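Contents: one structure, followed by commentary.
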Amino acid sequence: MPELPEVETTRRGIMGHLIDQKVTKINIHQPALRWPVEVNKLTKGIVGQPFSSVNRRGKYLLFENSNGTMLCHLGMSGSMRIVTNREPPRKHDHIEWRLENGAVMRFHDPRRFGCVLWIDTNVEQHKLLRDLGPEPLSSSFSGDYLYQRSRTRKQAVKTFIMDSKIVVGVGNIYASEALFLAGIHPARQAGRVSRQRYELLVQSIKLTLKKSIKSGGTTLRDFVNSSGEPGYFRQQLNVYEKYDQACVRCHSPIKRIVQGQRATYYCSRCQR
DNA sequence: ACTGGATCCTGACTGC
DNA sequence: TGCAGTCAGGATCCAG
């Protein structure tokens with residue numbers, strides 16, 4: 001489910017409810033997530049403390065308090081909601097955090113590809129974060145950067161930009177969408193894209209992500225924000241899940257291929 | 001160093 | 001109705 005815009009939408013939605021509110025209790029109904037939740041460690045780290053900030057690195061959410069950092073990933077089907085303490089938990093609400101003002105945050109994740117970890121060492125050096133590429137909306141993510149990193153790569157440009165060691169946060173939807181905007185064929189070898197076209201691709205990635213954040217992200221099946229509402233960027237998608245439909249630019253039918261076990265959508269006339 | 005494939009899991013949907 | 005097969009916003013791990 002969530003790519004960078006959906007995670008950022010979640011972060012903005014939950015942040016105001018959490019800051020300076022002590023966590024009074026944590027209930028872990030299902031610890032078997034992507035990695036087992038370390039119940040004692042996590043409980044000890046967060047109960048009795050308020051979170052001082054909620055940050056994002058790529059698709060990871062980082063909840064900081066004076067003891068350390070709680071790191072969450074929403075995986076494919078995860079969402080984080082703020083509800084009242086009277087709302088009954090739903091199926092697949094695996095973890096809940098109770099706050100002193102009565103609000104409750106719940107982590108919902110049917111497929112359980114997400115994770116919730118407690119880190120009491122330097123977060124930036126954590127195994128899951130230390131090798132991550134730049135943030136796509138930062139100035140260090142430039143056409144020149146992608147051009148330099150790609151020179152030795154024979155991999156397809158689509159899987160290349162989805163590699164979090166290259167750049168974080170570009171998932172399956174936005175990779176297809178950005179390549180369409182930039183007019184680059186998704187199967188083109190990363191090492192055979194010109195500097196000028198990488199410049200355009202970087203602009204397209206930034207634009208696509210920014211516009212999606214403005215719309216509250218993309219809901220295909222089940223993404224909801226912290227208030228339980230869907231995102232509305234789906235209406236602005238040009239190619240994703242548009243197989244056989246007319247390209248908005250040239251009207252030829254949108255193609256679908258599979259790359260790295262993921263569906264890719266593109267226009268064979270507009271993208272070379 | 002780099003690449004592709006298998007893998008974790010549940011649910012929605014399709015076709016027989 | 002039921003059952004099998006396919007497909008999903010991710011990304012680690014491992015073999016080659």
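Since we're looking at a predicted model, the values are computed, not measured.
A:R149 meets the salt bridge (Lys or Arg N to Asp or Glu O under 4.0 Å) test with no other residue; sequence neighbours excluded. Looking at residues two or more places apart in sequence or on another chain, you find no side chain to side chain contact (heavy atoms under 4.5 Å, CB included) involving A:T152. In this view, A:R90 and A:D93 satisfy the salt bridge (Lys or Arg N to Asp or Glu O under 4.0 Å) rule, not counting sequence neighbours. Among residues two or more places apart in sequence or in another chain, the salt bridge (Lys or Arg N to Asp or Glu O under 4.0 Å) test is passed with A:R195 by A:D144. By the salt bridge (Lys or Arg N to Asp or Glu O under 4.0 Å) test, A:K41 is found to be paired with A:E38, residues two or more places apart in sequence or in another chain being considered. Residues satisfying the ring pair (Phe, Tyr, Trp, His ring centres under 6.0 Å) criterion with A:H108, sequence neighbours excluded, are absent altogether. Under the side chain to side chain contact (heavy atoms under 4.5 Å, CB included) criterion, A:E241 pairs with A:L220, A:R221, A:R234, A:Y265, sequence neighbours left out.
Taking atom CZ on A:R256 and atom P on C:dC7, their separation rounds to 7 Å, with Å as the unit. As rounded to whole Å, 15 Å separates atom C1' of B:dC2 from atom CG of A:D131. The separation between A:L237 atom CG and C:dA8 atom C1' is 15 Å, rounded to whole Å. Straight-line distance from the CG atom of A:L117 to the P atom of C:dA11: 14 Å, rounded to whole Å. A:I257 places its CD1 atom 15 Å from the C1' atom of B:dG4, with the value rounded to the nearest Å. For the pair A:D109 CG and C:dA11 C1', the interatomic distance rounds to 14 Å; values are reported in whole Å. Here the P atom of nucleotide C:dA11 and the NZ atom of A:K165 are 11 Å apart, to the nearest Å. Spacing between atom CZ of A:R111 and atom P of B:dT10 amounts to 10 Å, rounded to whole angstrom units.
Using a 4.0 Å heavy-atom distance criterion, A:Y60 is classed as a sugar-phosphate-only contact. Across all strands shown, A:R234 has no heavy atoms under 4.0 Å from either base or sugar-phosphate atoms. Nucleic acid contact for A:R112: sugar-phosphate only, since backbone atoms but no base atoms lie under 4.0 Å from a heavy atom of the residue. Among the heavy atoms of the strands, none lies under 4.0 Å from A:A32. At a threshold of 4.0 angstrom between heavy atoms, the contacts of A:S164 with the nucleic acid are absent.
Through direct or indirect side-chain contacts shorter than 4.5 Å among Ile, Leu, Val, Met, Phe, Trp and Tyr, A:L62 is connected to A:W35, A:Y60, A:L71, A:L117, A:I119, A:V123, A:L128, A:L129, A:L132, A:V168. Hydrophobic cluster membership of A:L200, counting Ile, Leu, Val, Met, Phe, Trp and Tyr whose side-chain heavy atoms lie under 4.5 Å apart directly or via other members: none, as it forms a cluster of its own.
Of the candidate nucleotides C:dA8, B:dT3, B:dT7, B:dT3 has the atom nearest to the side chain of A:K154. Of the candidates B:dT3, C:dA8, C:dG10, the closest approach to any side-chain atom of A:R262 belongs to C:dG10. Checked against B:dC2, C:dT12, C:dG10, the side chain of A:N172 finds its nearest nucleotide in C:dG10. Nearest nucleotide to the A:Q261 side chain, out of B:dA6, C:dT12, B:dG4: B:dA6.
Of the possible polar contacts, one joining the A:D109 side chain to the A:G114 backbone as a donor-acceptor pair under 3.5 Å is found.
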Secondary structure of DNA chain B in dot-bracket form (Watson-Crick or G-U wobble, distances below 3.5 Å, | marking inter-strand pairs): .|||||||.|||||||
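By the rule that hydrophobic residues join a cluster once side-chain heavy atoms approach within less than 4.5 Å of another member, A:M105 and A:L61 end up as members of one cluster.
In this structure, A:F113 does not count as stacked on the base of C:dA11 under the 5.5 Å centre distance and 30° plane angle limits.
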Atom pairs under 3.5 Å: protein N/O with N/O of nucleotides 13-16 of chain C:
residue, atom, partner, partner atom, Å
C:dC13, OP1, A:K127, NZ, 3.4

Please list, pair by pair, any protein nitrogen or oxygen found under 3.5 Å from a nitrogen or oxygen in nucleotides 11-15 of chain B.
residue, atom, partner, partner atom, Å
B:dG11, OP1, A:K91, NZ, 3.1
B:dG11, OP1, A:H92, NE2, 2.6

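In terms of position along DNA chain B, the nucleotide closest to A:T152 lies nearer the 5' end than the nucleotide closest to the other residue of the pair A:T152 and A:G260.
Nucleotides C:dC13 and B:dC9 have their P atoms positioned 16 Å apart, rounded to a whole Å. Of the P atoms belonging to B:dA1 and C:dA11, the separation is 22 Å, rounded to the nearest Å.
A heavy-atom distance below 4.5 Å is found between the side chains of A:L4 and A:P136.
A:N172 and A:K158 share a donor-acceptor pair across their side chains, judged by distance under 3.5 Å alone.
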